[in-house]
Amino acid sequence: MPDTDPLIEYDVLIVGAGHAGTQVANELIGGGYPGSIGILSAELHEPYERPPLTKGFLQGKTAEVELSLFVGGPGVSLHLGQQALGVDAVRRLVRTHDREFRYGTLVWATGGEARRLGVSGEELAGVHALRTLDDARYAREAMRPGTAYAIIGGGFIGLESAAAFVAAGVDVTVLEAADRLLARVTSPDVSEFFLAEHRRAGVRIDLSARILGIEGADGRVTGVALGSGEVLPADRVLVGIGIVPNVAPLLDAGAAGGNGVEVDEHGATSLAGIYAVGDCSSFPFTQPPLQRLRLESIQNASEQAKSVAAAILGRPLPYRPVPWFWSNQYDIKFKTVGISSGYDEAVVRGNPAQRRFSVMYLRNGRALAVDSINSMKDYVDARSIVGRLLDRARLADPEARLADAVIPERVSM
Amino acid sequence: MSPLVRFELKRSGGMREVEAKPGESVMVVATRNLVPGIIGECGGELSCATCHVYCEDQSAFAPMSDDENELLELADQRTDASRLGCQLKIGEHTPDTAVTVTVPNA
């Protein structure tokens, strides 16, 4: 039957079919939720996994069918091509371009839009972001020797793409505004390591780069005008400078927020009956100087989804994460645990020259976070040491296990 | 005939038997069918250990890598039969294989 009913009603309406949204649905089903569940997706594709887009998919190792993200079971309806444009929190309605959905409980799981540069020429053909399956397909079309790809932004999206592109023989330049790569997420030691690896692979990397504009001819990109006066020739420009959370309809409806919508430990927003989950939400995270945190990761999407589903099921499970994240570039497996914000000491373990090392971030001797490169043992131990007091001498000894550096503390009652 | 994967649920005593496609991992088969206790959070990237299973007869699968062995330290109730479901690929050359794994967390 055609899907033409102007008003459709669900007990739980989930807006967004990424990892967070689909995981809330799957957790509700797994938890025996008896009501109806609807999911709206702005995209036309069935739900898919995003992390492999810039990893295995670009490298040609992961086929498109393998990206499929399962959501379903009886009682779950997926509506594709339905972008939520407005929320009426009083009448409990979500409006799309052609219909309205009534909800009992709303779960906002919209992720974000690729951030735009805000320079001239950004609308030229050949300039794109890498956020969706369509974006990744578009990038793959041009992955052959002879293509000149300029990547704006030396974060994970830009660097994973650079690694895949250069391996395919593409002529790659990464333009980074900061004076080091991955400046927002890691320490100078790790930045230096990735810089050397990419340069060794043949990627040109400009740090402290200033983009004056994108140049084109006949509506197609031809180059990037740099602050140095150089015009870097480019057939394609990938803009990977982060996301802007998709929260305008919720904020317009009165929800508290700014950089994402603010939620509590259960994912509840300031509006009755409305939860938010994943990249678009900021949750309480007290680690000086942080009060709240907004994360863009699978760990965050799936673990926060668990808390939201638990709250809807009436079995509260507060979200108090030890965040983790991974990135694959060339044969480098980077894994990070914890959040390093506010660290006062970084201890390097192992030898970056051997391409296997870790960096521990401490504050007052306590572990905040660990970055590990090609070091599964340290990653595994890192998952249990965040928050613990560490013995620096043992920490730096690469023969000792990281977990053995924990200084036992008496728990005071 | 499609290969079958039988999931025995350790805690509840239940059992699920589902069809797999050659090349799929035990983790993917489980998540695609909402088998409880197998989450597969990282999508098979050897980052999470949330697809822990016991597999007594591993003859149909590739042996454990060092990374898998180390990551399994994150799993609760590890035994000699412990594997990560994402590393157990249903063989393309043995399409009628029936595989049995036990899910410790369900």
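So you know, we letter chains A, B, ... as the sequences are listed, proteins then strands, and number each from 1. Quick note: numbers below take in every heavy atom, side chains included, and nothing from hydrogens, waters or symmetry partners.
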Problem set entry | L69(A), part contacting chain B, at a heavy-atom distance under 4.5 Å |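 Contact with chain B involves no heavy atom of L69(A) at all.
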
Problem set entry | Contact origin within Q299(A) toward chain B - heavy atom pairs under 4.5 Å |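 Backbone plus side chain of Q299(A), per the 4.5 Å heavy-atom cut-off to chain B.
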
Distance check, rounded to the nearest 0.5 Å: [X] atom [atom1] versus [Y] atom [atom2]?
X       : Y       : atom1 : atom2 : value
N26(A)  : L34(B)  : CG    : CG    : 5.0 Å
E49(A)  : C42(B)  : CD    : SG    : 9.0 Å
F334(A) : S47(B)  : CZ    : OG    : 11.0 Å
E70(B)  : S375(A) : CD    : OG    : 7.5 Å
W326(A) : E45(B)  : CH2   : CD    : 5.5 Å

Problem set entry | Which atom of F70(A) lies closest to which atom of R32(B), heavy atoms considered |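 The answer is CE1-O, 3.0 Å.
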
Exercise. Is the number of heavy atoms from other residues, nucleotides or ligands within 6.0 Å of CZ (R388(A)) greater than 12?
Worked result: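 No.
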
Exercise. Going through the distances and angles, do L71(B) and Y379(A) end up as a side-chain contact (heavy atoms from CB on, under 4.5 Å)?
Worked result: CA-CA 8 Å; L71(B) 191 59; Y379(A) 169 69; 3.8 Å; yes

Exercise. Between K55(A), E66(A), R401(A), which has the largest tally of heavy atom pairs under 4.5 Å with chain B?
Worked result: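 Looking at each option in turn, the highest pair count goes to R401(A).
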
Exercise. Chain A heavy atoms under 4.5 Å from T31(B): which part of the residue, side chain, backbone, both or neither?
Worked result: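 It is the backbone, since no side chain atom gets that close.
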
Exercise. With a 4.5 angstrom heavy-atom cut-off, which part of L46(B) approaches chain A: side chain, backbone, both or neither?
Worked result: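 For L46(B), heavy atoms of backbone and side chain both lie under 4.5 Å from chain A.
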
Exercise. With the threshold set at 4.0 Å, does a side-chain nitrogen-carboxylate oxygen contact exist between R383(A) and E73(B)?
Worked result: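 No, this pair does not count.
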
Exercise. So do D66(B) and K377(A) actually touch side chain to side chain, heavy atoms under 4.5 Å?
Worked result: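 No, side chains not in contact.
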
